[in-house]
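Every chain is numbered from 1, with letters handed out A, B, ... down the list of sequences.
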Amino acid sequence: MRHQKDGRKLSRTASHRRALLRNLTTALFEHERIETTLAKAKETRRVAERMITYAKRGDLNSRRLVARVVQDRLIVRKLFDTIAPWYESRPGGYTRILRTRARQGDAGEMAMIELVKTAEQKAAERKRIEEAEKAAEKEAKAKAKKKR
Amino acid sequence: MALPKRRHSKARRSKRRATWRASTPMARVLCPHCGQAKRPHRICPHCGHYRGEEVLLVKEA
């Protein structure tokens, strides 16, 4: 009987599934937004939200609990020092899943999972990206001149 | 092994196939930002917007 057994199997063995969810969760904290299938995004959400809750507690025990899943010291540090403070006053719901497209090849339902951010955070990010693009453009132009 | 005893007529074959209808067409809504048709509850593939002004995908040229 499958009474009370929740979660998706994702067509994987237990160890494969565990590794996959670790990798996806780590990637989410590293990149802050990742694209994957809808089912994987929803499973990742369960793990990632728990990790953020641990990170908000901030003590050594919770750090060790997180390190069991996020096996990259730098990303654990980022989660505790950078990401956790964003959600001080948010009682859960730290991630957002948006459906994007049907994957080319098997028409799989793709979705984006991202860390929820305020409008100010988003505006600042956009600015940073635009500036980086401008700088890259300038550099490319300078290089082209040199060649001539 | 089981084998068909008699040939089925065209009418019989057609009657059987008469129930094979195309499923309902895929739901479409107009994107409130760019006005093009898109699937509901999904980021617009044409302009990258979803729910108000949430620009998500970088626009391609």
Side-chain angles (χ1 to χ4, degrees), chain A residues 24 27-42 44-45 48 86 90 93-138 140-141, chain B:
Chain A
L24 282 170
L28 174 63
F29 292 139
E30 183 182 352
H31 300 289
E32 297 168 23
R33 173 194 283 170
I34 54 175
E35 190 182 28
T36 178
T37 63
L38 182 60
K40 283 181 209 156
K42 284 183 172 178
T44 306
R45 172 174 62 191
W86 299 345
R90 188 183 286 271
Y94 317 116
T95 59
R96 176 182 295 128
I97 293 176
L98 296 164
R99 288 153 199 252
T100 50
R101 66 204 167 92
R103 178 164 58 195
Q104 197 65 248
D106 67 351
E109 232 187 324
M110 301 301 282
M112 258 176 340
I113 178 164
E114 62 178 12
L115 299 174
V116 172
K117 289 178 191 170
T118 60
E120 293 93 76
Q121 277 177 310
K122 277 189 190 165
E125 254 169 45
R126 199 160 306 149
K127 219 176 165 186
R128 226 179 303 136
I129 291 167
E130 271 166 23
E131 269 161 24
E133 269 169 13
K134 254 185 216 165
E137 221 171 88
K138 250 186 201 172
K141 265 186 195 168
Chain B
M1 259 225 286
L3 279 174
K5 187 170 188 173
R6 302 217 41 116
R7 170 197 149 88
H8 276 186
S9 69
K10 286 180 199 166
R12 217 179 162 87
R13 184 244 291 147
S14 301
K15 269 195 290 187
R16 182 174 62 242
R17 291 183 187 169
T19 60
W20 302 1
R21 296 204 180 92
S23 52
T24 47
M26 192 160 59
R28 292 274 166 189
V29 295
L30 296 183
C31 170
H33 184 258
C34 67
Q36 295 210 61
K38 69 171 193 84
R39 299 201 60 189
H41 309 296
R42 273 160 191 80
I43 295 167
C44 175
H46 309 291
C47 65
H49 283 64
Y50 184 61
R51 274 200 320 219
E53 288 298 296
E54 224 165 25
V55 190
L56 282 160
L57 308 166
V58 189
K59 275 177 261 180
E60 287 129 59

S.K.: Which bit of Arg39(B) comes within less than 4.5 Å of chain A, counting heavy atoms only: side chain, backbone, both or neither?
M.R.: neither

S.K.: Can you confirm whether more than 12 heavy atoms, excluding those of Arg28(B), are under 6.0 Å from its CZ atom?
M.R.: yes

S.K.: Scan for ring pair (Phe, Tyr, Trp, His ring centres under 6.0 Å) pairs involving residues 106-129 of chain A, sequence neighbours excluded, and state none if there are none.
M.R.: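 Non-adjacent pairs meeting ring pair (Phe, Tyr, Trp, His ring centres under 6.0 Å): zero.
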
S.K.: Which atom names give the shortest non-hydrogen contact between Met112(A) and Ile43(B), and what distance separates them?
M.R.: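 Taking Met112(A) first and Ile43(B) second, the nearest heavy atoms are CE-CD1, 3.8 Å.
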
S.K.: Ignoring hydrogens, what is the shortest heavy-atom contact between His41(B) and Arg99(A)? Give both atom names and the distance.
M.R.: O-CD, 3.5 Å

S.K.: Would you compute the distance between atom CZ of Arg96(A) and atom OH of Tyr50(B) and round it to the nearest 0.5 angstrom?
M.R.: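 So the gap between those two atoms works out to 10.5 Å.
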
S.K.: If the condition is side-chain contact (heavy atoms from CB on, under 4.5 Å), which residues does Thr118(A) pass it with, not counting sequence neighbours?
M.R.: Glu120(A), Gln121(A)

